[in-house]
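Presented below is the structure to which this report refers.
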Amino acid sequence: MAIIETEAALHEAHRDNHTHRDVNGGWLRPAVFGAMDGLVSNLALMTGVAGGSVAQQTIVITGLAGLAAGAFSMAAGEYTSVASQRELVQAELDIERRELRKHPVDEERELAELYVSRGVEPELAREVARQLSKDPEQALEIHAREELGIDPGDLPSPPVAAVSSFGAFALGALLPVLPYLFGATVLWPALLLSLIGLFACGAVVAKVTARSWWFSGLRQLALGGAAAGVTYALGSLFGTAVG
């Protein structure tokens, strides 16, 4: 009885501790990277314009225009990309569905051979393949997972991808504009807020990586700061040349 209770306790402990992070990033990765993209690109755009010694109104209009243009571009790009990917997957699934219908025996043998290649005993592999192939839809799902590496029931949604990309990019791009909207007349408040946002985004990215939060935060801070510095220098150079 004591042994059973000990084993049960160990099982519970293993179940509680044996958890993994979402290696695909789930919603967190595209949301954070979308916001980061909007923040870096709009900050760089605004610092480049500010480097040309233009009026405050011009910087604000540039930031808002960059926000709108970038958000719509991201949404359109994500929709097209995900829709194309989904259509490609559907086409491959149709091919696999036809093969299962026309050559069920060959497809069952192919599945058995795949399990054998992974270390399953041949007799057991044939029996597993036979049982899994009884249901055509289940067989299609298994073949899609094993041969194509996809889950037919978990395909990405183009509208969801477009809306999330639009919102995330717009949120990030809004950050460098906010100080101006609240009355700032110089660049440094926007730059400071943006750098804080870059560090925060980098720290959040650490949730889906093995890096520490401070390393990811500082890395993104350095990259975003470098982009802003380069565009500001270019803006100053071009502003002087044009002037």
Side-chain angles (χ1 to χ4, degrees), residues 19-47 60-93 141 144-145 148-182 190-191 193-228 231:
T19 57
H20 297 281
R21 290 175 295 181
D22 182 3
V23 295
N24 292 321
W27 62 268
L28 181 63
R29 184 182 61 83
V32 172
F33 280 98
M36 196 180 297
D37 189 15
L39 177 52
V40 172
S41 62
N42 216 30
L43 174 63
L45 177 63
M46 291 175 64
T47 53
V60 174
I61 292 174
T62 299
L64 293 175
L67 184 158
F72 280 111
S73 176
M74 282 287 291
E78 278 296 310
Y79 185 92
T80 302
S81 175
V82 173
S84 299
Q85 179 187 6
R86 189 182 180 95
E87 290 164 2
L88 175 61
V89 169
Q90 293 289 2
E92 292 298 319
L93 289 175
E141 181 176 338
R145 287 177 183 273
L148 304 177
I150 59 174
D151 182 356
D154 190 29
L155 298 181
S157 167
V160 170
V163 171
S164 61
S165 295
F166 183 96
F169 186 97
L171 184 62
L174 179 62
L175 210 56
V177 185
L178 276 179
Y180 285 101
L181 297 180
F182 282 102
L191 183 61
L193 182 60
S194 298
L195 293 178
I196 292 173
L198 285 169
F199 182 86
C201 285
V204 174
V205 168
K207 291 289 186 180
V208 291
T209 67
R211 292 289 188 180
S212 61
W213 63 271
W214 59 266
F215 177 88
S216 295
L218 289 176
R219 178 175 59 185
Q220 192 56 40
L221 177 65
L223 292 173
T231 54

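Hydrogens, waters and symmetry mates are skipped; everything else that's a heavy atom, side chains included, is used.
- Atom CD in Gln85 sits 12.5 Å away from atom OG1 in Thr80 (nearest 0.5 Å).
- The side-chain heavy atoms of Glu141 and Asp151, taken from C-beta on, include a pair separated by under 4.5 Å.
- Atom CG of Asp154 and atom CD1 of Ile150 lie 10.5 Å apart (nearest 0.5 Å).
- Tyr180 contributes atom OH, which lies 12.0 Å from atom CG of Leu64 (distance to the nearest 0.5 angstrom).
- Between the CH2 atom in Trp214 and the OG atom in Ser216 there is a gap of 9.5 Å [rounded to 0.5 Å].
- Among all heavy-atom pairs drawn from Pro152 and Leu155, the shortest one is O-CG, 3.6 Å.
- Residue-environment remark: OH (Tyr79) stays at or below the threshold of 12 foreign heavy atoms within 6.0 Å.
- Across every non-hydrogen atom of Leu178 and Leu193, the tightest pair is CB-CD2, 4.3 Å.
- Here SG of Cys201 is found 11.5 Å from CG of Leu221. Values are rounded to the nearest 0.5 Å.
- Scanning both residues, Leu45 and Gly66, for their nearest heavy atoms gives CD2-CA, 3.8 Å.
- To the nearest 0.5 angstrom, Asn42 atom CG is 10.0 Å from Leu175 atom CG.
- In terms of modelled atom types and a separation under 3.5 Å, the side chain of Ser73 and the main chain of Ala69 share no donor-acceptor contact.
- Considering every non-hydrogen atom in both Leu39 and Leu198, the closest pair reads CD2-N, 3.5 Å.
- Between Thr47 and Ala228, the closest heavy-atom pair is OG1-O, 3.3 Å.
- You'll find the side chain of Gln90 reaches within 4.5 Å of the side chain of Leu93, heavy atoms only.
- In this structure, Ser165 contributes its side chain and Ala161 its backbone to a donor-acceptor pair below 3.5 Å.
- When all heavy atoms are compared, the tightest approach of Ala190 to Pro176 is CB-O, 3.1 Å.
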